[in-house]
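The next block holds one structure in the form of structure tokens; read it before the comments.
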Amino acid sequence: MKVLKFGGASVKNAKAVKNVAELLKLYSGQDIVVVVSAMGKMTNALEEITDGYINKKGNSVELLEGIKKFHRDILQELFPDPAHPVFEQVNNAFVEIEWILEDEPIKGYDFEYDQIVSVGELISTKIVSALLTESGISNNWVDVRDFLKTDNTYREAKVDWELTAVKIREYLLPKLAEQESGGVVVTQGFVGVTSENYNTTLGREGSDYTAAIIGSLLDAEEVIIWKDVPGVLNADPKWFDKTEKLDTLSYHDAIELSFFGATVIHPKTIKPLQNKQILLKVKSFYEPKGEGTVIKATKEIAENQQKIPSFIFKVDQVLISILPKDYSFIVEENLSEIFKKFSDHRVKVNLMQHAALSFSVCVDAETNRVPALITELQKDFKVLYNENVELITVRNYDQKTIDQVIEGKKIFVEQKSRQTARFVVKDND
Ligand code: ASP
Ligand code: MG
């Protein structure tokens, strides 16, 4: 059994969806679980609806019309028969959002976000599943909420592994077995459900993690993430002209790179696969026969592959410096207090630096969380912050690569370990 994950870019329009069907034909006769994200940039669009709804700004209803039209256009291109049942299925999913928008928000931003945004995946999977059927690939659409059980940490739900292990055998496995030669199941990435049946999400780009959860619990032979790049590159082509594909990567390096902000794989994806030594592949949906990148145990990686420098740029960062108001040291009690505030406000630390009279932390500039955290910290500490900084990480660095990335930048923080160099910088003006 294999788990194949298709992200937003791989289903961004009618042509892309057809390409998914073509690609799946290469796997005919095998048991395949297909995990799909929302189409194109629909998660962002649904996020905007949520923002408008909660913060009472913009016009959520109008935005929703735009999203409907986007899907309707794709549907019309894929299914010439207007009576095809997929039209009604997609409409029904939109009704769920309309009902929410008609009422006042009840449980706050994160909760409403998950109820609204998860609809993107419900719709994309309906469309993909119907198109596969149309293309002669018999398959079952499975609601991930039947088996992927989580707690109620909305927008970053924690998986209940034990319950999910039971439910996945009860609800997903039989659907694979139902088909004669090689079963195909289509299900949603990113989405889970609480014990009270509220939708949850696993964090942005969480569909990779969904694929890993399913792969791990069903002991898949491999998990394949399909991308619009040939594999894991040593830098994001957005920032670098010359990039190199890594043919192989250890689980360890993959975790480090994604933890530091490489967006190619969701950071939580690696652990469940590493624990069971399940291969993770990253391949291009433009060249499905290409080798891509294979992620596996360190001992199986050739020496020369382990040395290629990788670069990760995280933009839109804020560097927060926390200082005592009375010139006393920053000591353990302060630190535990500070960390608690970060965790209460659910602000993730990307880098930290500790000195006698200050503690500096680099975080994503999340407008819904960071200002509130700063206000909270200001009650007990003096707080300085630099906005619009960048966090640069170089794994397997040498001096030449470092000189190249920090040229023309003002350095606020510099940290080096044996394999990794990190800098918080801003462009010199
Ligand atoms: N659709 C979700 C997102 O864009 C999940 C994913 O793509 O993995 O974050
Ligand atoms: Mg996506």
Side-chain angles (χ1 to χ4, degrees), residues 3-13 16-17 20 33-51 63-64 67 70-71 74 90 93-94 96-97 109-110 112-129 143-145 148 150 153-159 186-193 199-215 223-229 232 236 238 254 258-259 261-273 280-285 314 316 346 348 364 366 368:
V3 183
L4 271 53
K5 180 257 165 173
F6 294 93
S10 62
V11 289
K12 68 178 182 201
N13 53 34
V17 177
V20 169
V33 178
V34 178
V35 174
V36 187
S37 304
M39 302 180 118
K41 301 274 178 230
M42 283 302 111
T43 303
N44 291 356
L46 291 163
E47 246 175 23
E48 244 183 87
I49 290 190
T50 313
D51 289 349
L63 280 171
L64 184 60
I67 294 181
F70 171 85
H71 286 96
I74 293 178
V90 170
F94 282 124
E96 294 196 24
I97 300 183
Y109 184 80
D110 292 348
E112 302 294 350
Y113 177 106
D114 281 2
Q115 311 319 305
I116 294 174
V117 170
S118 53
V119 173
E121 270 71 14
L122 295 173
I123 291 174
S124 66
T125 48
K126 285 288 183 195
I127 297 176
V128 169
S129 170
D143 192 329
V144 75
R145 297 168 298 181
L148 209 153
T150 71
T153 317
Y154 296 103
R155 286 183 69 200
E156 185 90 57
K158 309 275 171 304
V159 176
V186 177
T187 195
Q188 303 79 44
F190 182 52
V191 178
V193 71
N199 296 358
T200 53
T201 63
L202 306 175
R204 283 307 304 265
E205 306 302 327
S207 299
D208 294 354
Y209 184 39
T210 307
I213 295 164
I214 297 173
V223 171
I224 309 177
I225 296 179
W226 296 93
K227 295 280 230 188
D228 55 3
V229 286
V232 179
D236 187 332
K238 214 161 48 189
S258 61
F259 172 78
T263 50
V264 66
I265 311 165
H266 188 280
K268 287 186 182 163
T269 311
I270 314 294
K271 177 181 182 283
L273 300 178
L280 173 62
K281 294 184 177 168
V282 178
K283 291 189 179 210
S284 162
F285 52 76
K314 257 172 145 7
D316 288 333
R346 296 176 59 189
K348 274 193 211 133
D364 294 347
E366 268 220 59
N368 269 305

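In each ligand, atom 1 is the first atom listed, and ligand 1 is the first ligand listed.
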Problem set entry | Audit row: Tyr154, Asn199, side-chain hydrogen bond (donor to acceptor under 3.5 Å, both in side chains) steps and yes/no | CA-CA 8 Å; Tyr154 296 103; Asn199 296 358; over 6 Å; no
For this session: Start with the C-alpha distance between Arg145 and Glu121, add both sets of side-chain angles, then the distance that settles salt bridge (Lys or Arg N to Asp or Glu O under 4.0 Å), and finish with yes or no.
Result: CA-CA 11 Å; Arg145 297 168 298 181; Glu121 270 71 14; over 6 Å; no
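Judged purely by distance below 3.5 Å, without hydrogens or angles, the side chains of Asp114 and Thr201 pair a donor atom with an acceptor atom. Side chains of Asp51 and Tyr113: no donor on one and acceptor on the other come within 3.5 Å.
By the 4.0 Å heavy-atom criterion, Ala38 is counted among the residues contacting ligand 1. Residue contacts with ligand 1 leave out Gly189, since none of its heavy atoms falls under 4.0 Å from the ligand.
Those atoms of ligand 1 that come under 4.0 Å of a heavy atom in Phe190, given as number and element, are 2 (C), 5 (C). The ligand atoms of ligand 1 that sit less than 4.0 angstrom from a heavy atom of Arg204 are 3 (C), 4 (O), 9 (O).
Residue Ser37 has at least one N or O atom closer than 3.5 Å to an N or O atom of ligand 1. The distance criterion of under 3.5 Å between nitrogen or oxygen atoms is not met by Asp208 with respect to ligand 1.
Under 4.0 Å from ligand 1, the heavy atoms of Glu121 that appear belong solely to its side chain.
Under the salt bridge (Lys or Arg N to Asp or Glu O under 4.0 Å) criterion, Lys314 pairs with Asp364, sequence neighbours left out. Taking Ser284 as the reference, Tyr286, Glu287 meet the side-chain contact (heavy atoms from CB on, under 4.5 Å) condition, with sequence neighbours excluded.
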